[in-house]
> 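Quick one: this structure, given as structure tokens, is what I'll be asking you about.
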Amino acid sequence: MIMVMAAKGFAPLATTDITPYVTAMLVLIVVAVALAALAIVTSRPRGRTSSATGAHRSLSDKSEWLAEIEDVRFRFQTGEIGTDDAFSELAGIARRFASDRLDRDVTNHTLAELHAVPRSRSNGKGLDLLRQTISALYPPEFADATTQSHAGAVSVDEAAGWVSNLVERWRS
């Protein structure tokens, strides 16, 4: 095999011949670095923020939720609120707690709507606990006697224990 080389000698290129290529290469490197930085910044997980304030503020610390439950129990025992009000407040605490943990409002969801909330690996057990707790907390006048036979025999202390159990066992 025979190789033929250029007849005249090789001459170096003038810097004006390669300047556009060097400039384009530097621009592409800068764009690549900027895109990499943008990808890193936007892929960071964001912290949860709560826009609710006042009485409906987000309570992320379990001890604050447990204190709310104990307050309902105390007010019931001192006669400040009745059984129906205590059950209603305990259900509200359970729903607000779950809303805080799920990052979605479930305070007015029916049991059917709670069953429709998408389960994930992180919230599945918590949703099950919420459904069981809400189902058990319906006051006796709203309970279906055929499916909720225990409703009339439930005490406020027992119901407060269920909500406390929900708060303590929820993993998020």
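These values consider heavy atoms only, across backbone and side chains, with no hydrogens, waters or symmetry-generated copies. No experiment lies behind these values; they were computed from the predicted model shown.
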> Could you state the interatomic distance from CZ (Phe87) to CD1 (Ile81), rounded to the nearest 0.5 Å?
10.5 Å
> Do Arg96 and Asp100 meet the salt-bridge criterion of a basic N to acidic O distance under 4.0 Å?
no
> Who are the side-chain hydrogen bond (donor to acceptor under 3.5 Å, both in side chains) partners of Thr23, not counting sequence neighbours?
none
> Please check: side-chain N/O of Ser43 versus main-chain N/O of Ala39, any donor-acceptor pairing under 3.5 Å?
yes
> How long is the gap from CG on Leu66 to CD1 on Ile93, to the nearest 0.5 Å?
10.0 Å
> Can you sort out the partners of Asp105 under salt bridge (charged side-chain N to carboxylate O under 4.0 Å, His left out), two or more places apart, ordered by chain and number?
none
> Nearest 0.5 angstrom please: Leu90 CG to Phe76 CZ, how far?
10.0 Å
> Given Phe97 and Arg101, is the side-chain contact (heavy atoms from CB on, under 4.5 Å) satisfied, shown in steps?
CA-CA 6 Å; Phe97 172 77; Arg101 292 301 190 253; 3.5 Å; yes
> Given a cutoff of under 4.5 Å between side-chain heavy atoms of I, L, V, M, F, W and Y, with clusters grown through shared members, what are the other residues clustered with Val22?
Leu26
> According to salt bridge (charged side-chain N to carboxylate O under 4.0 Å, His left out), who are the partners of Glu70, at least two apart in sequence or on a separate chain?
Arg73
> Measuring only between side-chain heavy atoms, which start at C-beta, is Glu68 closer than 4.5 Å to Glu89?
no
> Identify the heavy atoms of Ala94 and Leu166 that sit nearest to each other, and give their distance.
CB-CD2, 3.6 Å
> Only counting residues at least two apart or in another chain, list the ones meeting side-chain hydrogen bond (donor to acceptor under 3.5 Å, both in side chains) with Gln77.
Asp157
> Apply the hydrophobic cluster definition, ILVMFWY joined by side-chain contacts under 4.5 Å directly or through others, and give me every member besides Leu38.
none
